[in-house]
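This report refers to the structure that appears directly beneath it.
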Amino acid sequence: MAIREDQNRFKSIIKGKVRDDFKRYVTNGEMIGKREDEFVKIPIPRIDIPTFRYGPKQNEQGVGQGDGDGEQGQGSGQQGSGKGEAGDQSGEHMIEVEISMEELAEILGEKLELPKIQPKGSKNILAEKNKYSGIAPVGPEGLRKFKQTYKKALTRYISSGTYNPNDPVIVPIRRDYQYRSVKKTQTPHTKAVVIYMMDVSGSMGDEQKEIVRLESFWINTWLKKHYKGLDTRFIIHDASAKEVDEDTFFKTSESGGTLISSAYKLCQQIIQEDYASSEWNIYPFHFSDGDNWSGEDTRLCLTLLKEFFLPNVNVFSYGQVESKYGSGQFLKDLQKEFTNDDRLTLSQIEGRDKILGSIKDFLGKGK
Amino acid sequence: MANLTLELEAERKRICQIAKDCGLDCFETVFELINYDQISQIASYGGFPVRYPHWKFGMEYEQLSKSYEYGLSKIYEMVINTDPCYAYLMEGNSMMDQKLVMAHVYGHCDFFKNNVWFSKTNRKMMDQMANHATRIKRYIDRYGYEEVERFIDTCLSLENLIDRHSILNGPQKMSEEPPAPPKDEFLFRVEKSYMRNYINPPDYVADQKQKQNEKNDQKTVFPSSPVRDVLSFLIHYAPLEDWQQDILTIIRDESYYFAPQGMTKTLNEGWASYWHSHMMTRHILNDSEIIDFADHHAGTMYMQMGGYNPYKVGIELFRDIEERWNKGRFGREWDECDDVRERKNWNKNTNLGREKIFEIRKIYNDVTFIDEFLTEDFCVRNKMFVYKMNKETGKFEVDTRDFKAIKAQLLFQMTNFGQPIIKIENANFENRGELLIQHVHEGLDLQPNYMDATMKNLFKVWKRPVNLVTIMDNEPQLFRFDGNDYTKHSLNDEKKSVEGEQQELPKA
């Protein structure tokens with residue numbers, strides 16, 4: 001089909017393989033799926049062919065309809081055709097379908113052929129819970145279940161042949177009474193925590209951080225699907241490390257040197273204080289451009305990894321983002337030290353389009 | 001060609017008959033049942049089965065097929081303006097959806113056939129598009145994929161520079177001769193070089209030169225009146241190779257083909273929605289489908305907070321007009337009546353509503369439609385408002401519910417159908433064969449980075465420096481691209497400096 005050729009051509013242009021004169025116009029056209037209040041962005045790149053057009057001011061006002069105070073809105077006259085091109089898409093209308101995070105994770109999983117994660121310790125650790133989900137013939141009057149009692153009485157009437165459909169009066173007797181009772185359930189107890197660490201030193205640019213943001217969003221989505229009530233912690237570091245909230249994690253721009261060990265030490269402290277490794281599935285992720293201050297510090301990191309992290313966590317993931325300034329040495333050091341250790345996942349992320357591949361590196365083992 | 005199932009075919013016949021009985025006058029309409037991948041493909045081609053090879057179609061396809069696969073959106077109907085009219089139904093839609101689509105399509109089809117803005121369109125566009133594809137493929141074979149693709153990109157960057165008002169009157173004639181470069185025609189032939197000063201005396205030469213310069217100065221403006229159809233001008237006068245000229249012609253033809261659809265979006269969608277609603281609820285639906293229909297119809301008509309939905313505005317206006325003309329709520333007497341109660345109960349049983357809306361679908365476009373029939377009553381009843389961005393809160397807020405403001409805003413958005421107005425003022429600017437174009441500023445600036453890139457593309461075609469006059473940041477400015485660099489200077493300063501000199505003169 002001819003469209004496939006056009007599609008392939010488009011893809012190779014996007015990847016910058018054939019032409020570089022379009023780079024300025026590659027926008028991250030986003031498809032937005034929404035579910036309740038969560039908006040999910042699925043980036044689909046587009047190339048805008050430049051034309052004489054109105055600047056963004058056009059979107060600042062327009063005509064709407066309704067009672068409200070018009071909080072969200074888009075430039076009027078943009079909907080409908082939506083392509084800015086006069087009626088190119090005449091007589092065609094689109095309807096939004098909702099998509100849940102769960103489904104989204106499913107799509108991601110299918111796309112990357114990710115295996116389901118095997119939770120650690122699911123057989124060993126069981127939590128007992130008491131629930132009033134059982135039924136007993138005796139109990140306090142306050143817990144009597146009327147529906148069950150009635151059913152029981154009705155059964156008795158019918159089986160004894162005294163039920164009269166024309167006069168359906170049912171009178172329960174003591175034997176029919178049913179009460180709620182406590183039932184003990186044993187549920188497998190899985191808890192998981194993801195600790196994201198990011199290098200925010202001077203060499204990490206906005207593009208690098210954006211890559212980390214996208215990647216950790218998808219990783220989070222996938223892990224959330226497998227662990228209800230997933231804990232997430234965020235650490236940023238340059239020469240010193242501190243714990244921050246999610247918002248800060250993605251926005252901060254620090255500068256300065258890099259001591260990776262500072263983050264690892266803080267991470268170790270968090271794990272020791274809050275997450276016993278016998279109970280928790282622990283997933284530390286570290287993103288950096290691989291530029292560490294000194295060989296001394298790198299050695300310290302390696303020791304920490306070997307002695308503390310690898311024995312205690314499910315898998316330790318290190319993602320190295322390509323950057324103009326970084327030397328990328330850290331990845332090489334790790335590779336040399338831990339060849340064939342499957343508790344450590346390494347991935348190199350050269351650019352935006354490599355994110356999916358890198359996620360597969362991280363989650364592809366199903367641990 | 002049509003591959004409808006027996007059941008669908010039976011419904012199609014029935015709906016076609018109902019449409020006829022309602023007074024709709026359609027081309028023969030061919031429905032095809034296709035799957036989602038085919039519909040994505042055809043939609044990316046703008047409704048046509050064959051287009052020239054270009055990545056932009058691949059980009060649309062990528063987006064459409066992905067949004068379908070992820071369940072984000074789904075195309076229900078597509079119809080193209082040709083004779084016979086082709087429309088597509090998607091496999092696996094429910095029977096109710098298919099019927100709705102068919103009813104809607106007959107509405108569009110009637111509109112295409114009868115609205116005056118479509119009277120000049122090529123109804124064999126499907127063949128034409130395929131011809132375009134063949135021609136471009138031939139150029140690709142001869143000149144190479146990348147070369148042709150780059151030129152198409154350049155043309156697409158200029159594709160909105162057409163004159164939408166010439167759709168009815170036919171294109172402006174391009175018969176003017178471009179100014180010839182000055183030739184020294186007045187010199188006599190000199191055979192012996194020592195005779196030169198006797199045959200062509202210096203005085204005489206200087207005199208003739210001055211005369212010619214004066215003549216040239218008078219004729220520096222070319223074309224003699226500004227040209228809105230920039231593409232046509234470039235086709236005629238730009239130094240292009242034959243194949244480039246042909247590709248530019250193709251892009252222009254296609255741009256003109258799609259233009260009327262952009263000019264009648266609200267009217268066309270309103271008309272089709274009016275009729276699908278009318279036919280579905282009165283003649284087509286059975287009891288079990290009514291809820292689904294209501295759900296789907298409401299979804300289509302839903303006007304997002306702060307959004308503009310042409311389906312909704314169009315259908316409401318048509319209904320409003322029908323009611324007004326049925327009850328005689330028009331004309332001088334009605335306009336002059338101030339009594340609210342009287343107006344509310346006004347009914348002269350004129351019953352002209354149906355006739356009126358058929359007249360509207362024939363001779364109006366979106367601008368004239370909104371201009372004439374958007375009334376204050378209508379805006380109040382439909383709770384319309386103008387919203388603005390509040391810079392302090394970063395949110396959109398209701399600015400006003402004033403009728404005049406609403407109308408002005410709507411009309412503004414439709415002026416030149418949402419495109420900036422660009423004209424060629426002079427193709428011999430400064431007597432150097434440079435292009436001078438003007439953006440008729442109507443309150444909105446051009447987007448600067450896109451403007452630069454588009455000027456670059458104009459340069460690629462015109463091959464001489466390109467100058468653009470516009471207002472940017474409240475200041476009239478002249479932008480210039482000479483093939484390597486961009487320069488700009490404020491036209492305010494120029495005036496001031498001229499004035500300044502004049503003031504200094506008396507002192508001297």
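Chain naming here is simple, since letters A, B, ... match the order of the sequence lines and numbering starts at 1 in each. Side chains included, hydrogens not; waters and symmetry mates left out as well; all remaining heavy atoms used. Since we're looking at a predicted model, the values are computed, not measured.
Using a 4.5 Å cut-off between heavy atoms, B/Leu458 touches chain A through its side chain atoms alone. Of the atoms belonging to B/Tyr88, not a single heavy atom falls under 4.5 Å from chain A. For a residue to count as touching a neighbouring chain, one of its non-hydrogen atoms must lie under 4.5 Å from one of that chain's; by this rule B/Leu161 touches chain A with the side chain only. With a threshold of 4.5 angstrom between heavy atoms, B/Ile39 does not approach chain A through any atom at all.
Residues B/Leu444 and A/Tyr54 approach most closely at CB-CD2, 3.5 Å, considering heavy atoms. Listed here is the closest heavy atom pair of B/Trp55 and A/Ile49: CH2-CG1, 3.7 Å. Considering all non-hydrogen atoms of both residues, B/Glu149 and A/Ile13 come closest at OE2-CD1, 4.0 Å. Pairing each heavy atom of B/Asn457 with each of A/Pro50, the nearest pair is ND2-CG, 4.1 Å.
From A/Gln7, atom CD reaches atom OH of B/Tyr61 across 5.5 Å, with rounding to the nearest 0.5 Å. Separating the NZ atom in B/Lys56 from the CG atom in A/Asp6 is a distance of 10.5 Å, to the nearest 0.5 Å. Here the CD-CD1 distance, from B/Gln38 to A/Ile3, works out to 12.5 Å after rounding to the nearest 0.5 Å. A/Arg53 CZ to B/Thr454 OG1: the interatomic distance, rounded to the nearest 0.5 Å, is 7.5 Å. From A/Phe52, atom CZ reaches atom CE of B/Met455 across 6.5 Å, with rounding to the nearest 0.5 Å.
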